[in-house]
Novice: 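This is the structure I want to talk about, given as structure tokens.
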Amino acid sequence: MEIIRRPRRLRGTQAIRDLVHETDLHVSDLIYPVFVVEGENIKEEIPSMPGIYHYSLDTFKDHLKEIADSGVRSIIFFGVPDHKDDVGSGAYDMEGIVQKALRLTKSLYPDLICIADICLCEYTSHGHCGVVDHGKILNDPTLTLLSKAAVSCAKSGADIVAPSDMMDGRIGHMRRALDEAGCEDTLIMAYSIKYASAFYGPFRQAADSAPAFGDRKTYQMDWRNKKEALVEAMLDVEEGADILMVKPALAYLDIVKTISDHFNLPLCTYSVSGEYSLMKAAALNGWVDEKSIVMESMTAMKRAGAKMIITYYALDIARWLKEEQ
Ligand code: PBG
């Protein structure tokens, strides 16, 4: 047979495949989400997310050591407070659970990159990400509260604040508030493109943050749309975001690719709770090979254009990467 081009030549051996491969996943790309709760001696597995736990601050110390030893260098904090109210005041309390966890983490591991998720939904009695009036989620009054939350987390040691609420104008508002508070070095990682996704289901159980009425469709994006992803990203760039994010990841790789092609800021994608739970459940049933499925999925996110990935699998991936060396 006369075949001039034989692409299989490039796949002949593992060494050749390694020589020509295009996409890598590094431990420095990984961001690990953690859930901190009030109380003592608590390490409770989240039923919908086997392998992921709620930690009180005392047990969280041991977990921090595990994280630091794994080689993972970035964590994103979620708080589950004891007390919730109408205006989510736990989100901007200097003695709030995340603020305390940030101070503890920075005192023990100053080099660990600490990211604070900024939102009200874990702290509001109604579970919405903004202030509610007669069933409406109000945009502008929410901005002040989000900015207060960002400043309190920055003052407690957060290197990066990551607003996940999807109110309009929050990045610009927050940037000004941070600068006025003397936190001009604090980075903003904007959840710029966040769809109203069913893939957040297990997280809402973990964070006890499901909305008490209605849904999040008046602020999170409609997953039938792509053009508004470009608008959201453009606004966040103009308003001063340092890092953009697309969330969820796996079902939205076309969006990751589009944003990566159009914008020059570092891009993060969040492989959310539902993605973790789907893979974990299938793995626990012996239906898929967990490591292969996870590494293939994460590499696909990098290939689509993500520079960094928030994933509940971060510690496992760090271990698998070490084993390969
Ligand atoms: C808070 C927030 C959510 C997630 C991250 N920040 C939940 C939501 O918007 O309902 C989801 C993360 C996940 O599913 O892993 N607004």
Side-chain angles (χ1 to χ4, degrees), residues 31 76 115 117-121 127-133 135-147 150 160-176 187-201 203-204 209-211 213-275 300-310:
I31 301 169
I76 181 162
I115 307 172
D117 180 272
I118 304 294
C119 198
L120 300 186
C121 64
H128 276 288
C129 305
V131 177
V132 172
D133 186 31
K136 255 189 98 168
I137 290 76
L138 303 182
N139 194 86
D140 299 10
T142 302
L143 301 184
T144 321
L145 306 184
L146 292 167
S147 287
I160 304 178
V161 291
S164 65
D165 52 282
M166 291 304 279
M167 297 300 126
D168 293 335
R170 86 259 213 231
I171 302 300
H173 195 283
M174 196 167 289
R175 184 70 272 163
R176 258 188 313 274
L187 290 101
I188 299 180
M189 173 193 271
Y191 283 73
S192 305
I193 295 124
K194 177 170 177 179
Y195 286 94
S197 170
F199 283 91
Y200 310 149
F203 174 97
R204 291 183 188 163
S209 65
F213 67 89
D215 53 40
R216 302 209 200 288
K217 289 182 181 166
T218 66
Y219 42 108
Q220 298 182 351
M221 289 165 54
D222 184 332
W223 35 257
R224 293 172 296 187
N225 298 342
K226 185 174 203 171
K227 287 185 175 160
E228 65 179 320
L230 291 164
V231 176
E232 288 284 1
M234 180 190 71
L235 291 173
D236 286 357
V237 172
E238 285 173 357
E239 291 177 33
D242 300 286
I243 299 171
L244 302 178
M245 194 198 299
V246 171
K247 174 186 177 192
L250 215 40
Y252 294 84
L253 294 187
D254 58 327
I255 310 294
V256 173
K257 164 84 175 123
T258 302
I259 297 302
S260 146
D261 285 349
H262 281 80
F263 297 92
N264 293 323
L265 291 179
L267 180 60
C268 179
T269 193
Y270 194 148
S271 184
V272 298
S273 55
E275 299 175 42
M301 294 167 204
K302 293 282 317 269
R303 194 186 60 230
K307 171 58 194 76
M308 61 200 101
I309 303 168
I310 303 177

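Sequential numbering from 1 along the given sequence is applied to the chain's residues. Values in this document were obtained by computation on a predicted structure and should not be read as measured data.
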Novice: Report yes if the side chains of Lys217 and Asp222 come closer than 4.5 Å at any heavy-atom pair, otherwise no.
Specialist: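 Counting from C-beta outward, Lys217 and Asp222 never come under 4.5 Å.
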Novice: Would you check if Met234 and His262 make a side-chain contact, meaning some heavy-atom pair closer than 4.5 Å?
Specialist: no
Novice: When rounded to the nearest 0.5 angstrom, what is the spacing between CD1 in Ile310 and CD1 in Ile31?
Specialist: 4.5 Å
Novice: Just one of Tyr200, Tyr219, Tyr252 clears the ring-ring contact (aromatic ring centres under 6.0 Å, His included) bar with Tyr195, so which one?
Specialist: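 Result: among Tyr200, Tyr219, Tyr252, Tyr252 is the only option passing the ring-ring contact (aromatic ring centres under 6.0 Å, His included) with Tyr195.
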Novice: Who are the side chain to side chain donor-acceptor pair (under 3.5 Å) partners of Asn225, not counting sequence neighbours?
Specialist: Glu228
Novice: Is there side-chain contact between Leu145 and Met167, with heavy atoms separated by less than 4.5 Å?
Specialist: no
Novice: Using every non-hydrogen atom in the two residues, find where Ala304 and Leu253 come nearest and quote the distance to one decimal.
Specialist: CB-O, 3.8 Å
Novice: Do NZ/NE/NH1/NH2 and the carboxylate oxygens of Asp236 and Arg175 come within less than 4.0 Å?
Specialist: no
Novice: Does any N or O in the side chain of Thr269 come within less than 3.5 Å of the main-chain N or O of Ile309, such that one atom is a donor and the other an acceptor?
Specialist: no
Novice: When you look at CZ of Arg303, are more than 12 heavy atoms from neighbouring residues, nucleotides or ligands closer to it than 6.0 Å?
Specialist: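 No, not enclosed.
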Novice: Can you tell if the side chain of Met301 reaches within under 4.5 Å of the side chain of Val256, non-hydrogen atoms only?
Specialist: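 Contact flag for Met301/Val256 side chains = no.
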Novice: Distance from Ile115 atom CD1 to Cys268 atom SG, nearest 0.5 Å?
Specialist: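 Rounded to the nearest 0.5 Å, the CD1-SG separation comes to 7.0 Å.
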Novice: Under 4.5 Å between any side-chain heavy atoms of Met308 and Ile243, yes or no?
Specialist: yes
Novice: Under 6.0 Å from the CZ atom of Phe199, do we count more than 12 heavy atoms belonging to anything else shown?
Specialist: no
Novice: Return the minimal non-hydrogen interatomic distance between Val272 and Pro248, and the atom names on each side.
Specialist: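 Scanning both residues completely, I find the closest heavy atoms to be CG2-CB, 3.8 Å.
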Novice: Can you tell me how far OG of Ser197 sits from NZ of Lys247, rounded to the nearest 0.5 angstrom?
Specialist: 8.5 Å
Novice: Is Asp165 paired with Arg216 through a side-chain N to carboxylate O contact shorter than 4.0 Å?
Specialist: no
Novice: List the steps, then state whether side-chain contact (heavy atoms from CB on, under 4.5 Å) holds for Asp117 with Val161.
Specialist: CA-CA 6 Å; Asp117 180 272; Val161 291; over 6 Å; no
Novice: Looking at Ile160 and Met189, what are the two nearest heavy atoms and their distance?
Specialist: CG2-CB, 3.6 Å
Novice: Pair Met245, Ser192 - check side-chain contact (heavy atoms from CB on, under 4.5 Å), show working.
Specialist: CA-CA 5 Å; Met245 194 198 299; Ser192 305; 5.6 Å; no
Novice: What pair of heavy atoms forms the shortest contact from Leu187 to Asp242, and how long is it?
Specialist: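 Result for this residue pair: CA-OD2, 3.4 Å.
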Novice: How long is the straight-line distance from CD1 of Ile255 back to CE of Met221, given to the nearest 0.5 Å?
Specialist: 7.0 Å
Novice: In the structure I gave you, are the side-chain heavy atoms of Phe263 and Leu230 within less than 4.5 Å of one another anywhere?
Specialist: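 They are in side-chain contact.
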Novice: Do Ile188 and Glu239 have side-chain heavy atoms sitting under 4.5 Å apart?
Specialist: no
Novice: Checking Ser164 against Lys194 for the side-chain contact (heavy atoms from CB on, under 4.5 Å) test, could you report, in this order, the C-alpha distance in whole Å, the side-chain angles of both residues, the deciding distance, and whether it holds?
Specialist: CA-CA 8 Å; Ser164 65; Lys194 177 170 177 179; 3.8 Å; yes
Novice: Is there a donor-acceptor contact under 3.5 Å from the side chain of Arg170 to the main chain of Leu146?
Specialist: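 No; judged by distance alone, with no hydrogens or angles, the pair does not exist.
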Novice: Kindly compute the distance separating CG (Leu235) from CG (Asp168), expressed to the nearest 0.5 Å.
Specialist: 7.5 Å
Novice: Which heavy atom in His128 sits nearest to a heavy atom in Asp215, and how many Å separate them?
Specialist: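 Heavy-atom minimum between the residues: CE1-O, 3.2 Å.
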Novice: Does any non-hydrogen side-chain atom of Leu244 lie less than 4.5 Å from one of Ile193?
Specialist: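 No - every pair of side-chain heavy atoms lies 4.5 Å or more apart.
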Novice: Atom OG in Ser260, atom NZ in Lys307: separation rounded to 0.5 Å?
Specialist: 12.5 Å
Novice: What is the minimum heavy-atom distance between Ala233 and Ile259, and which atoms define it?
Specialist: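 That would be CB-CD1, 4.0 Å.
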Novice: Please walk me through it: do Cys129 and Ile137 pass side-chain contact (heavy atoms from CB on, under 4.5 Å)?
Specialist: CA-CA 8 Å; Cys129 305; Ile137 290 76; over 6 Å; no
